[in-house]
Amino acid sequence: MMRVMTTKSKNAESFYITKSYKNNAGKSTSKIIRKLGTLHELSEMLGTDRDGVMAWAREQARLETEKYKAGKEQQLVKITFHADRQLDYNCQKLYEGGYLFLQSVYYGLRLDKVCRKIRDRHLFEYDLNAILSDLIYTRILDPDSKRSSFQTAQKYLETPTYQLHDVYRALSVLAENSDLIQAEAYKNSGFLGKRNDRVLYYDCTNYYFEIEQEDGQKRYGKSKEHRPNPIVQMGLFTDGNGIPLAFSLFPGNQNEQTSVKPLEKKILQDFHCEKFVYCSDAGLGSENNRVFNHMGQRAFIVTQSIKKLPKEEREWALTRSEFRNVKDDTVVDLDSLDKSDESSLYYKEIPYSTKQLHQRLIITYSPKYATYQKQIREKQIERAQSMIQSGSAKRQSKNPNDPARFIQKIAVTKEGEVAEQQSFCLDSAKIEEEAQYDGLYAVCTDLLDDPVGDILKVSEGRWQIEADFRIMKTDFSARPVFVQRDDRIKAHFLICFLSLLIFKFLERKLEYKYTCEQMLDTLRAMNFADIEEQGFMPLYTRTAITDDLHTACGFRTDFQFISKSKMLQIQKSSKKI
C-alpha cells in the first residue's frame with residue numbers, strides 16, 4: 001500500500017509517495033517511491049490550497065498502488081535455486097552494463113554507419129564497428145592497454161565476436177581514416193543537438209612514452225609532465241561548450257604554433273565550418289596565427305603577455321588609472337578600490353596596431369586574482385628565504401615559477417670591492433617588479449565593435465579545453481602511450497578523442513548536473529548478475545544520476561529483474577534500432 005508522506009523544512013513542505021515493506025530483519029520500514037514536489041510548486045500547478053494538494057497526492061498514491069499490484073501480478077518471476085548444486089565451470093555470472101549509456105551516444109553520432117562506409121573501401125572481414133565501439137567504451141570505463149581492453153569487453157552484456165589480432169589490424173585502418181571519422185562525427189553531431197561552433201578554442205598538450213630513444217613522431221621536447229621521455233604533441237579544437245571538434249598529432253620537438261594552420265584548414269575544408277572566432281592562449285596567438293584568423297569570416301580573441309608588449313603599451317597597462325567597471329562602465333582608480341569587494345572586474349582598452357593588424361588591446365584587473373597571485377608569490381618568497389638561510393641557494397631554472405628567481409647573488413662588498421666569499425639575499429627589485437602585474441590580464445582581438453563583456457566571456461571559456469585535456473590524461477589514462485608504431489599511435493589518440501566526444505555529449509544530455517567523477521563512478525558500478533540464465537538482476541544502487549541517465553538515453557535497466565528478451569530490447573534501444 002502506497003501512502004503520502006510530508007516533510008517540513010525551514011523554507012518548504014515537500015510531498016512524497018512511500019511504500020511500506022519488511023527489511024531483512026523482519027522489521028517494518030518504508031522507502032520513498034516518488035517525490036511529488038513542494039507545497040508551493042504543487043499549489044501553483046494545481047491552483048488549490050494545501051487540502052487540495054493533499055487530496056491530489058492521495059489520489060496519486062492510490063494510482064501508484066494499483067500500478068504496483070498490476071505489475072506484481074503480471075510480471076512476477078519465479079526462479080528456483082538449489083542449495084546443494086555447485087556452479088557450472090566457466091559460467092560467467094557478472095556483467096558490466098554502464099557502456100549501454102555510452103552506446104546510445106555512439107550510435108547517435110552514426111559512427112556505426114561511418115564504420116560501414118570504411119568497410120566498403122577495404123577488404124576485411126572483422127567487425128570494425130564492434131572493435132571501435134568497444135575500444136571507446138573501455139577507454140572511458142576501464143582504460144588500459146588494447147589487450148586488456150579486449151579482455152574487459154568480454155565482461156559486457158554484449159560480448160565481442162572478434163579476436164584480439166583483429167583489434168591490432170583495425171588500428172591501422174582507423175589511423176588511415178582518422179580525418180574521415182572526425183569530419184563525419186562533426187557532421188553527425190547535429191543529430192544530438194545544435195553545437196556552439198561560432199567559437200572555437202584551440203590548445204596543445206603532449207603525451208609521453210615509456211621509452212628512451214626517439215622514433216618517428218616520438219621526439220624529445222618540453223613535456224607537460226616534466227618527464228625526460230620522448231613525447232608526441234596533440235592539437236585540439238573544441239567548440240564553445242568544450243565539446244571536441246578535431247585534433248591533430250605532430251612531433252614532440254615541433255613548435256606548437258605551427259600546428260594551428262594545418263588543422264584549421266582541415267576544419268575549413270572538410271567540416272565546412274567557416275564562420276567562427278578563434279580563441280587561444282598567448283603561446284598559440286602568434287602574429288601569423290592572428291593574421292590567418294583575420295581572413296574570411298573568421299576573427300580571433302587571444303590572450304596577450306603584458307610583459308611582452310612594447311614599452312609604451314606596457315607602461316600604459318601598468319598604470320592604475322583609467323579603468324572601468326565591466327558591469328556599469330563607471331571609471332575607477334585601482335588604488336581607491338574597496339578592499340572588501342573582490343568580485344568585480346575592471347578593464348581599459350586602446351587601439352593596438354602591429355605590422356599587419358589593427359587590434360583592440362583590453363587590459364583587465366581582478367582583485368580576487370590579484371590576491372591569489374600575491375599569496376602564491378609570498379609562499380615562493382618564503383621558500384627563497386629558506387633556501388638562502390639553509391645555504392642551498394641555487395641557480396634559477398627556466399621555470400618561471402622557480403623561487404630562486406627572487407634570490408640575488410652578492411658579488412661585491414658595501415665598499416664596492418669584489419667579495420671574497422659569495423653570498424645571497426632576496427632580490428627586492430624583482431619582487432616589486434612582479435607585484436606590478438598582480439591581478440592584470442590582457443586580451444587582443446580584431447572584433448572592433450563587440451562589447452568588452454562578451455569578448456572577456458569568450459576568453460574566460462578557455463578553461464573548458466584545459467578540462468578536456470585533464471579528462472583524457474587522468475580519467476581516460478591516455479598516457480603513458482604503450483603502442484609504438486606511428487599509425488597505432490594515431491589510432492590510440494583517435495579513440496581517446498572519440499571517447500572524450502561521446503562523454504561530453506553524455507554530460508550535455510544530463511545538462512551538466514554532475515561532475516566527471518560522479519558520472520564515471522556511476523557508469524563503472526552499473527553491473528548485472530545473470531540469474532540462472534533466466535535474466536539479469538541489477539547490482540547497482542538506484543540514485544538521481546541513474547534516473548537521469550535512463551531518462552536522457554531513453555531506456556531503463558533499474559528493474560528488480562530483467563528477462564533475457566527484455567535485455568535484448570534494452571540493447572536495441574541503446575542503439576536506436
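Reckoned from all heavy atoms, side chains included, excluding hydrogens, waters and symmetry mates. In this text the structure is predicted, and so the values were computed from the model without any measurement.
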Colleague: Looking at Leu510 and Met519, what are the two nearest heavy atoms and their distance?
Modeller: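 Shortest heavy-atom separation between Leu510 and Met519 comes out as CD1-CE, 4.0 Å.
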Colleague: Under a 3.5 Å distance rule, please check whether Asn188 uses its side chain to pair with a backbone N or O of Glu184 as donor and acceptor.
Modeller: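 Indeed, once roles are kept as given, a pair shorter than 3.5 Å links the two residues.
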Colleague: Glu342: which residues meet the side-chain contact (heavy atoms from CB on, under 4.5 Å) condition with it, sequence neighbours left out?
Modeller: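 In terms of side-chain contact (heavy atoms from CB on, under 4.5 Å), with neighbours along the sequence ignored, Glu342 is linked to Pro367, Lys368, Thr371.
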Colleague: Please find out if less than 6.0 Å separates the ring center of Phe300 from that of Tyr278.
Modeller: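 Here the rings of Tyr278 and Phe300 have centres that are no less than 6.0 Å from each other.
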Colleague: About how many Å separate NE2 of His294 and OG1 of Thr445, when rounded to the nearest 0.5 Å?
Modeller: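 With rounding to 0.5 Å, OG1 (Thr445) is 10.0 Å from NE2 (His294).
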Colleague: Measure from the side-chain N and O atoms of Arg524 to the backbone N and O of Asp521, and report whether any donor-acceptor pair falls under 3.5 Å.
Modeller: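 Not confirmed, Arg524 side chain does not pair with Asp521 backbone.
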Colleague: How close do Gly235 and Phe250 get, counting heavy atoms only, and between which atoms?
Modeller: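 That closest heavy-atom pairing would be N-CE2, 3.8 Å.
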Colleague: If you take all heavy atoms of Ile306 and Ala317, which pair is closest and at what distance?
Modeller: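 That would be CG2-CB, 4.0 Å.
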Colleague: Going by the rule side-chain contact (heavy atoms from CB on, under 4.5 Å), which residues pair with Lys266 if we only count those two or more places apart in sequence or in a different chain?
Modeller: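 Per chain and number, Lys266 pairs via side-chain contact (heavy atoms from CB on, under 4.5 Å) with Asp179, Gln182, Leu263, Asp270.
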Colleague: Excluding sequence neighbours, so at least two apart, what forms ring-ring contact (aromatic ring centres under 6.0 Å, His included) with Tyr201?
Modeller: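 By the ring-ring contact (aromatic ring centres under 6.0 Å, His included) rule, Tyr201 matches no residue at all.
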Colleague: Would you say the side chains of Ser259 and Tyr202 form a donor-acceptor pair under 3.5 Å?
Modeller: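 Checked: Ser259/Tyr202 side chains pair up, N/O donor to acceptor below 3.5 Å.
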Colleague: Once the angle between the rings of Tyr137 and Tyr106 is folded into 0 to 90°, is it parallel (under 30°), tilted (30 to 60°) or perpendicular (over 60°)?
Modeller: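 Tyr137 vs Tyr106 ring planes: perpendicular.
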Colleague: Could you tell me whether the side chain of Ser189 and the main chain of Tyr186 form a donor-acceptor pair under 3.5 Å?
Modeller: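 Flag set: sc Ser189 to bb Tyr186 pair under 3.5 Å.
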Colleague: With salt bridge (Lys or Arg N to Asp or Glu O under 4.0 Å) as the rule and sequence neighbours excluded, what pairs involving residues 383-393 come up?
Modeller: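 As it turns out, there is no salt bridge (Lys or Arg N to Asp or Glu O under 4.0 Å) pair with a partner in residues 383-393 once direct neighbours are skipped.
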Colleague: Could you check whether Tyr347 and Asn325, counting side-chain N and O atoms only, form a donor-acceptor pair closer than 3.5 Å?
Modeller: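 Per modelled atom types, Asn325 and Tyr347 side chains form no pair under 3.5 Å.
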Colleague: Any idea which heavy atoms bring Arg462 and Cys279 closest together, and the distance?
Modeller: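 For Arg462 versus Cys279, the nearest heavy atoms are CG-SG, 3.7 Å.
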Colleague: Which side-chain N or O atoms in residues 490-502 pair as donor and acceptor under 3.5 Å with protein atoms at least two apart or in another chain?
Modeller:
unit_1 : atom_1 : unit_2 : atom_2 : d
His492 : ND1    : Lys146 : NZ     : 3.1
His492 : NE2    : Ala478 : O      : 3.1
Ser499 : OG     : Ile495 : O      : 2.7

Colleague: Does anything in residues 287-303 form a salt bridge (Lys or Arg N to Asp or Glu O under 4.0 Å)? List the pairs, not counting sequence neighbours.
Modeller: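 Every pair satisfying salt bridge (Lys or Arg N to Asp or Glu O under 4.0 Å) with a residue in residues 287-303: Glu264-Arg298.
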Colleague: Does any donor atom in the side chain of Gln254 or Arg219 lie under 3.5 Å from an acceptor atom in the other side chain?
Modeller: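 Result is no, nothing qualifies.
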Colleague: Evaluate the side-chain proximity of Met472 to Thr205: yes if any heavy-atom separation is below 4.5 Å, no if none is.
Modeller: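 No, too far: nothing below the 4.5 Å cut-off.
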Colleague: Could Lys457 and Asp454 be called an ion pair, given the rule that one side-chain N must be under 4.0 Å from one carboxylate O?
Modeller: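 No, Lys457 and Asp454 are not salt-bridged.
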Colleague: If we ignore angles and hydrogens, is there a donor and acceptor under 3.5 Å between the side chains of Asp328 and Thr330?
Modeller: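 On atom types as modelled, these side chains qualify, holding a pair under 3.5 Å.
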Colleague: Rounded at 0.5 Å granularity, tell me how far CG in Leu523 sits from CG in Leu520.
Modeller: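 The CG atom of Leu520 is 6.5 Å from CG of Leu523, to the nearest 0.5 Å.
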Colleague: Where the side chain of Gln373 meets the backbone of Ala370, is there a donor-acceptor pair that is under 3.5 Å apart?
Modeller: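 Flag not set: sc Gln373 to bb Ala370 has no pair under 3.5 Å.
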Colleague: Can you list the residues that meet the side-chain contact (heavy atoms from CB on, under 4.5 Å) rule with Lys311, with sequence neighbours excluded?
Modeller: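 So Lys311 forms a side-chain contact (heavy atoms from CB on, under 4.5 Å) with Arg314, Glu315.
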Colleague: Salt bridge between Lys513 and Asp548, side-chain N to carboxylate O under 4.0 Å?
Modeller: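 Salt bridge flag = yes for Asp548 with Lys513.
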Colleague: Is it true that a side-chain atom of Thr138 and a backbone atom of Leu135 form a donor plus acceptor pair closer than 3.5 Å?
Modeller: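 Answer holds: yes.
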Colleague: Determine which pairs satisfy salt bridge (Lys or Arg N to Asp or Glu O under 4.0 Å) with at least one residue from residues 468-482, sequence neighbours left out, and list them in order.
Modeller: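 As it turns out, the salt bridge (Lys or Arg N to Asp or Glu O under 4.0 Å) pairs with a partner in residues 468-482, which skip direct neighbours, are Glu225-Lys473, Glu225-Arg479, Asp468-Lys504.
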Colleague: Got a sec: does the OH of Tyr220 have more than 12 other heavy atoms crowding it under 6.0 Å?
Modeller: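 More than 12 heavy atoms, drawn from other residues, nucleotides or ligands, come within 6.0 Å of this atom.
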Colleague: Check whether more than 12 heavy atoms from other residues, nucleotides or ligands sit under 6.0 Å from atom NE2 of His550, and answer yes or no.
Modeller: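 Yes, NE2 of His550 has more than 12 neighbouring heavy atoms, counting only those of other groups under 6.0 Å.
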Colleague: Checking Asn288 against Ser286: is there a side-chain donor and acceptor pair closer than 3.5 Å?
Modeller: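 Asn288 and Ser286 do not have a side-chain donor-acceptor pair below 3.5 Å.
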Colleague: From the options Lys348, Arg324, Glu322, select the one residue that forms a side-chain contact (heavy atoms from CB on, under 4.5 Å) with Val331.
Modeller: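 In the set Lys348, Arg324, Glu322, the residue that makes a side-chain contact (heavy atoms from CB on, under 4.5 Å) with Val331 is Arg324.
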Colleague: For atom CD of Gln389, decide whether the heavy atoms of other residues, nucleotides or ligands shown that lie under 6.0 angstrom number more than 12.
Modeller: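 Check passes, neighbour count above 12.
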Colleague: Under the ring-ring contact (aromatic ring centres under 6.0 Å, His included) rule, collect the residues that match up with Tyr352, sequence neighbours excluded.
Modeller: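 ring-ring contact (aromatic ring centres under 6.0 Å, His included) list for Tyr352, sorted by chain: empty.
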Colleague: Looking at every heavy atom in both Ala442 and Leu361, which two are closest together, and how far apart are they?
Modeller: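 Minimum heavy-atom separation between Ala442 and Leu361: CB-CD1, 4.3 Å.
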Colleague: What residues, two or more places apart in sequence or in another chain, satisfy side-chain contact (heavy atoms from CB on, under 4.5 Å) together with Ser343?
Modeller: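 For Ser343 the side-chain contact (heavy atoms from CB on, under 4.5 Å) partners, ignoring immediate neighbours, are Asp341.
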Colleague: Ile243 versus Arg508: any side-chain heavy-atom pair under 4.5 Å?
Modeller: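 A side-chain contact exists here, since the closest heavy-atom pair is under 4.5 Å.
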Colleague: Restricting to ring-ring contact (aromatic ring centres under 6.0 Å, His included), what partner residues turn up for Tyr512, sequence neighbours left out?
Modeller: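 Partners of Tyr512 under the ring-ring contact (aromatic ring centres under 6.0 Å, His included) test: none.
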Colleague: In Å and rounded to the nearest 0.5 Å, what is the CG to CD distance from Leu448 to Glu349?
Modeller: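 Result: 9.5 Å between the selected atoms.
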Colleague: Measure the CG-CG distance between Leu447 and Asp449 for me, rounded to the nearest 0.5 Å.
Modeller: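 It is 8.5 Å, given to the nearest 0.5 Å.
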Colleague: Hey, does Met234 have a side-chain heavy atom less than 4.5 Å from the side chain of Tyr207?
Modeller: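 Tyr207 vs Met234: side chains touch.
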Colleague: Sorted by first residue and then second, give each side-chain hydrogen bond (donor to acceptor under 3.5 Å, both in side chains) pair with at least one member in residues 229-247; sequence neighbours left out.
Modeller: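 For residues 229-247, and leaving out neighbouring residues, the side-chain hydrogen bond (donor to acceptor under 3.5 Å, both in side chains) pairs sorted by first residue read Arg195-Asp239.
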Colleague: Does any N or O in the side chain of Asn206 come within less than 3.5 Å of the main-chain N or O of Val232, such that one atom is a donor and the other an acceptor?
Modeller: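 Checked: no pair found.
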